[in-house]
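To start, the structure itself, in structure tokens.
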Amino acid sequence: KQEVTQIPAALSVPEGENLVLNCSFTDSAIYNLQWFRQDPGKGLTSLLLIQSSQREQTSGRLNASLDKSSGRSTLYIAASQPGDSATYLCAARRDGGSQGNLIFGKGTKLSVKP
Amino acid sequence: NAGVTQTPKFQVLKTGQSMTLQCAQDMNHNSMYWYRQDPGMGLRLIYYSASEGTTDKGEVPNGYNVSRLNKREFSLRLESAAPSQTSVYFCASSPREYLFFGSGTQLSVL
């Protein structure tokens, strides 16, 4: 059974710092891996999606990498800003069918201090 | 640009009461999902519907029923609410790869 772990559960950094959020998964046979952002009291917003055949994806100051062999994905945030404060979740999908097989991590709560 | 709309946003029930959570999407997505989010447990799938007319159980379906009324609407029903169903409920839809979430329903069962 796929398990997705995110460490640390919470992270506090000063504004401007580059940071890395970690996501590990136990079953390397994944179809893709997604990173989401969740603001307090809100739903999740998809940030980046990496297909199993890809190594990384970039969007603005965000870069997500995927290493299936080691069961790890990282989300790199460059030049962090207070507006980046949120909970970041990763989710691994097992196959190309319905996303009913999407397994979420519990998230890393990021706080960027001005 | 409504996206995924959930109603109500907040609800308090007494044990044993029933209610239906409503979800509608205007993006013409085939697939729709119901998740619950609990502290320390993360997001867990309750039920999903890969297309209009089909529904399937997720990880935690006990105590819930769903109806895919049409392509737009996917409702979640609690027939006899229990305190263990106190949670934040999220509806989501997907064309294939990406998930689009509603803003959630905070449900408390006393």
- Message: Can you see whether B:Arg77 engages B:Ser18 through a side-chain donor-acceptor pair at a distance of less than 3.5 angstrom?
- Response: yes

- When A:Ser80 is tested against each of A:Leu110, A:Val112, A:Asn18 for side-chain contact (heavy atoms from CB on, under 4.5 Å), which residue passes? A:Val112

- Note on the structure: If you tally heavy-atom pairs under 4.5 Å between each of A:Gln6, A:Gln38, A:Lys42 and chain B, the highest tally belongs to A:Gln38

- Task: Find the distance between CG (A:Asn32) and CG (A:Leu49) and round it off to the nearest 0.5 Å.
- Result: 4.0 Å

- Donor on one side chain, acceptor on other, A:Gln81 and A:Asp84, under 3.5 Å: no

- Query: Side chain, backbone, both or neither: which part of B:Gln6 has an atom under 4.5 Å from a heavy atom of chain A?
  - Reply: neither

- Query: In residues 100-110 of chain B, which residues are in contact with chain A at a heavy-atom separation under 4.5 Å?
  - Reply: B:Phe101, B:Gly102, B:Ser103

- Item | Between CG on residue A:Leu66 and CZ on residue A:Arg72, distance to nearest 0.5 Å | 11.5 Å

- Message: Counting neighbours of CZ on A:Arg61 that are heavy atoms of other residues, nucleotides or ligands and sit closer than 6.0 Å, is the number greater than 12?
- Response: yes

- Message: Can you tell me how far apart CG (A:Leu75) and CD (A:Gln57) are? Round to the nearest 0.5 Å.
- Response: 12.0 Å

